[in-house]
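Before any comments, here is the structure.
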Amino acid sequence: LCACHRAQPVEVPRGEAPAMVLVPTGALGRSFVAQQRLEGSYGERTFTLDAALQLREGKLTLMGLTPFNTRAFVLEQTGTDVQLEKFIERELPFDPRHVLDAVHRVFFRGLNDSGVKEEFGERITETRESGQPRTRVYERLDGKPAGKLTVTFEGDASPVIAPVVTIQNGSYGYTSRLTTVS
């Protein structure tokens, strides 16, 4: 029965979200571009977004696209500063830095081997096979919010990230699946 239970969404109260950890862009590694499709669910709602993620010359850029393949928003990080430019009228239902926090958890804040590490108020547990990440679990040491964020990697990095990555956030009740298209 527990396997059939879906996590219920939990609203993040303003000012109560855990501190986000953004690695300075100069320390993120080599340049890359990834075209991706994000599909997910939050409670009974589902969402889909096509996006492009680029790291180049000390700038991390995430561009979300509308269904017509025009820009919906551009989120840029330089150093640890974040800028958002919107091209649609809708308000984002969350602080856009939370999107970058998730990007950092998937792409940049892993371990170099299987194991456990505590940093920035979190316990990070990673499992690797043949040098490739398979699961990465983030859990707040203070238990606020309760729950874990689990990242599952399907396939070997090609060349930057596994072709399919699933993020399951037990704290806020959402699941998202990120597929790298090119």
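- The shortest distance between side-chain heavy atoms of R140 and P145 falls below 4.5 Å.
- Residues R123 and L141 are in side-chain contact: their nearest non-hydrogen atoms beyond the backbone lie under 4.5 Å apart.
- Under a hydrophobic clustering in which Ile, Leu, Val, Met, Phe, Trp and Tyr are joined whenever their side-chain heavy atoms come within less than 4.5 Å, directly or via other members, V99 and L28 fall into the same cluster.
- Seen from the ring of F153, R136 does not count as a face-on cation partner, given the 6.0 Å and 45° thresholds.
- Applying the 4.5 Å side-chain rule to ILVMFWY residues, one finds M63, L65, V74 in the same cluster as F87.
- Without hydrogens or angle criteria, D156 side chain to Q132 main chain gives no donor-acceptor distance under 3.5 Å.
- Checking side-chain atoms of S114 against main-chain N and O of R128 turns up a donor-acceptor pair under 3.5 Å.
- In this structure the side chain of Y174 reaches within 4.5 angstrom of the side chain of L149, judged on heavy atoms.
- F107 pairs by the ring pair (Phe, Tyr, Trp, His ring centres under 6.0 Å) definition with F32, not counting sequence neighbours.
- A salt bridge is absent between K59 and E57; no separation between the charged side-chain nitrogens and carboxylate oxygens falls under 4.0 Å.
- Using a distance-only test at 3.5 Å, with no hydrogens or angles considered, a donor-acceptor pair links the side chain of T25 to the main chain of G79.
- Residues R134 and T152 have side chains not in contact (no heavy-atom distance under 4.5 Å, counting atoms from C-beta outward).
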Next item on the list: With side chain to side chain contact (heavy atoms under 4.5 Å, CB included) as the test, would you mind laying out the steps for I167 and T175 before giving the verdict?
Entry: CA-CA 6 Å; I167 302 170; T175 299; over 6 Å; no
Check: Do R109 and I124 pass the side chain to side chain contact (heavy atoms under 4.5 Å, CB included) test, and can you show the C-alpha distance, the side-chain angles, and the key distance before you say yes or no?
Finding: CA-CA 9 Å; R109 289 192 49 217; I124 305 168; 3.8 Å; yes
Next item on the list: Assess whether side chain to side chain contact (heavy atoms under 4.5 Å, CB included) is satisfied between T66 and I88, documenting all intermediate values.
Entry: CA-CA 9 Å; T66 70; I88 58 175; 4.0 Å; yes
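- Each of D50, T179, T180 was scored for a side chain to side chain donor-acceptor pair (under 3.5 Å) with Q36, with one residue passing: T180.
- A continuous path of ILVMFWY side-chain contacts below 4.5 Å connects L49 to L60, so both sit in one hydrophobic cluster.
- Taking all atoms of both residues into account, the shortest heavy-atom contact from L55 to G29 is CD2-O, 3.8 Å.
- Defined by atom type and a distance below 3.5 Å, a donor-acceptor pair is missing between the side-chain atoms of T61 and Q54.
- Enclosure of atom CG in N112 is not indicated, since only 12 or fewer non-hydrogen atoms of other residues, nucleotides or ligands lie within 6.0 angstrom.
- E126 has its side chain within reach of P133: a pair of non-hydrogen atoms, C-beta onward, lies under 4.5 Å apart.
- Side-chain contact between R177 and V164 is present, with at least one heavy-atom pair separated by less than 4.5 Å.
- Applying the 6.0 Å contact sphere to CD of E154 captures more than 12 heavy atoms from other residues, nucleotides or ligands.
- Residues V82 and L75 have side chains in contact (heavy-atom distance under 4.5 Å, counting atoms from C-beta outward).
- The number of heavy-atom neighbours closer than 6.0 Å to CZ of R37, taken from other residues, nucleotides and ligands shown, is above 12.
- Both V103 and V160 belong to a single network of hydrophobic side chains, linked directly or stepwise wherever heavy atoms of I, L, V, M, F, W or Y lie under 4.5 Å apart.
- No side-chain donor-acceptor contact under 3.5 Å links R71 to the backbone of K86.
- L84 CG to Q77 CD: the interatomic distance, rounded to the nearest 0.5 Å, is 13.5 Å.
- Put simply, OG on S171 and NZ on K144 are 13.5 Å apart, with the number rounded to the nearest 0.5 Å.
- For the pair R105 and Y138, the minimum side-chain heavy-atom distance is below 4.5 Å.
- Under the 3.5 Å distance criterion, the side-chain polar atoms of E76 are left unmatched by any main-chain donor or acceptor of T78.
- In this structure a side-chain-to-backbone donor-acceptor pair under 3.5 Å is missing from Q168 to V151.
- Both F47 and L53 are members of a single hydrophobic cluster when ILVMFWY side chains are connected at heavy-atom separations under 4.5 Å.
- V137 and Y172 fall into different hydrophobic clusters, where Ile, Leu, Val, Met, Phe, Trp and Tyr residues are linked whenever their side-chain heavy atoms come under 4.5 Å apart, directly or through other members.
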Note to self: Assess the residue pair E39 and T46 against the criterion (side chain to side chain contact (heavy atoms under 4.5 Å, CB included)); give the C-alpha distance rounded to whole Å, side-chain angles, the decisive distance to 0.1 Å, and a yes or no.
What the structure shows: CA-CA 7 Å; E39 300 170 295; T46 61; over 6 Å; no
